[in-house]
Amino acid sequence: MKRWTVLLSRGGTTVIAIGLALLLVSLIPPTPMGSSMRLGPLPSETWQTFYEDALTPQQSLHVTITANGTLSIYILEVSSQVIYGWINEHYSGSADFTNVTYFNQFLDSNGPSIASQGETLNGTFDYEYSPTGIVNVTLAVSNHGPDDVSINFTGSLFRSVAPASKAQTLSEFTIPIGAALTLPWLSNHLTAKKRRSARV
Amino acid sequence: MAKTKGKPFLEIFASALNEDYRFPLLEVFAFLYALGTFALVNLMPFMSTSTSGESTAYAATSSLMSVLLFMFVILVFKNIAYGLGNDIEKGIVQTYFSYPLKRRSILSAKLLSALGVSLALFLSIQISSLYILAPNIVAPYLGTVLLTYLASLSYPLLITGIILLMTLVLRRGGLALVSGIVLYFALSIVQGLVTVLSVATKSTLGLQIMSVFSPSFALSMHYQAYGYYPSNSQPWIPSLTEVLGYAGASYLIVFSLFLLGYLYFSRRMSL
């Protein structure tokens, strides 16, 4: 059997092994790491932070919000200090930090820090956020409406071995590539086996 | 000319590869490296202490080292002590000497298989897995990630050099392999003793000498990640330039050991 065929097949089996490891990693379910709950009203024309932490790609945040009105929800990849600092810097002295106008202006000026945004649909908002890097995450909720809104917030943190979707996608590519690399060896091996059995 | 020299080299390299990585050894190690990288990396505990992206990159990379580095070391030690040792014992190396190839090229082919392939597999799987996991650590701080690997691999390579020399001189691999594993673990014992002594004597000389043999120690001191000292009481915080200096000195020792091995194999070894 030609050496390059053997070399290629060993490369292929190694790639398959890596793919299988990635597949296994993607199948490990995330472990709950705790949750936080908050109940209360959000006054009209104000915003508040409901969750803040430093998250890694191994973690995911599952957010559930129920409210009796329409709210805008933002997952920002900055700490709340950055938001307060920005407001303080631009509106020093007179700033009411909870004023939604200041918050909107912060969002307009810091568009890239918005990782995700949404609104409560039929009074609920359900979202799972997984960061792509190590980031400070702040979940902010703003009420643009004229009425106060009652909120029921639940944030659950999960830890997974690896970002499941990424690992799964990669394994879906690597395993067939590895299998394709082993094909020449496999076909040679089977042909040789057939010949041997034909001789017997 | 190059063709006539290249073919026997590849012949020996292929034979060494076949011997060092019998099916499914390579596959098992690739699987464990990939799985271990995801299972062992821990980005969380360092979040509160890390002051910069650089130290986070260092912390994430070094969290992978303990078990996986030991696995890599075992594979390399096995390849050199048993692979080369058996070839010498069984007289296979004498057969290689009949090839139209210099002795140093024969040893290079053996080391390329025993060490080069393992190292390439280890680094490529680990760095790419780390990239999948935390791209914003690997991409902007690739230098820090590579420096962490460079510093961490120095001591295992130093022992590999010693094992190579022992295998060549003793002409068998068993004792060299055992000595290598003992030396590998001796580092943590010596490191602990030196740390205690440095506190007792209020001298950093021991720490500096230690760093020459294991620059990863200096790197952990640089990022203030060495667990022994309470916060803000570390007696010695080397600069990054100093760490690079220690890494350079360490690799100089590694290079000297491999050079000695080459010289012995080329000139002194009579079979």
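First the proteins, then the strands, lettered A, B, ... as listed; each starts at 1.
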Show which side-chain atoms of residues 112-119 of chain B pair as donor or acceptor with protein atoms under 3.5 Å away, not counting sequence neighbours.
from	atom 1	to	atom 2	distance (Å)
B:Ser113	OG	B:Ala16	O	3.4
B:Ser113	OG	B:Leu17	N	3.4
B:Ser113	OG	B:Asp20	OD2	2.7
B:Ser118	OG	B:Tyr21	OH	2.7
B:Ser118	OG	B:Ala114	O	3.0

With a 6.0 Å cut-off (strictly less than), is the heavy-atom count around [atom1] of [X], excluding the residue itself, greater than 12?
X	atom1	value
B:Tyr82	OH	no
B:Tyr131	OH	no
B:Arg104	CZ	no

For a quick test of reading the model, state the closest non-hydrogen atom pair linking [X] to [Y] and the distance between them.
X	Y	answer
B:Phe38	A:Ala162	CD2-CB, 3.3 Å
B:Ile132	A:Lys166	O-NZ, 2.9 Å
B:Ala30	A:Ala17	CB-CB, 4.5 Å

How many angstroms lie between CG in B:Asn18 and CZ in A:Arg10, if you round to the nearest 0.5 Å? 8.0 Å
What's the spacing between A:Ile18 CD1 and B:Thr37 OG1 if we round to 0.5 Å? 10.0 Å
Under a 4.5 Å heavy-atom cut-off, does chain A meet the side chain of [X], its backbone, both or neither?
X	answer
B:Tyr33	neither
B:Ile125	side chain
B:Leu121	side chain
B:Val41	both
B:Ala14	side chain

Looking at B:Glu27 and A:Ile16, would you say the former's side chain and the latter's main chain have a donor-acceptor pair under 3.5 Å?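 Flag not set: sc B:Glu27 to bb A:Ile16 has no pair under 3.5 Å.
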With chain B as the partner chain, list the residues of residues 19-30 of chain A whose heavy atoms fall under 4.5 Å from it, by residue number, and write 'none' if nothing qualifies.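 Residues A:Leu20, A:Ala21, A:Leu22, A:Leu24, A:Val25 are the ones that qualify, each having a heavy atom under 4.5 Å from chain B.
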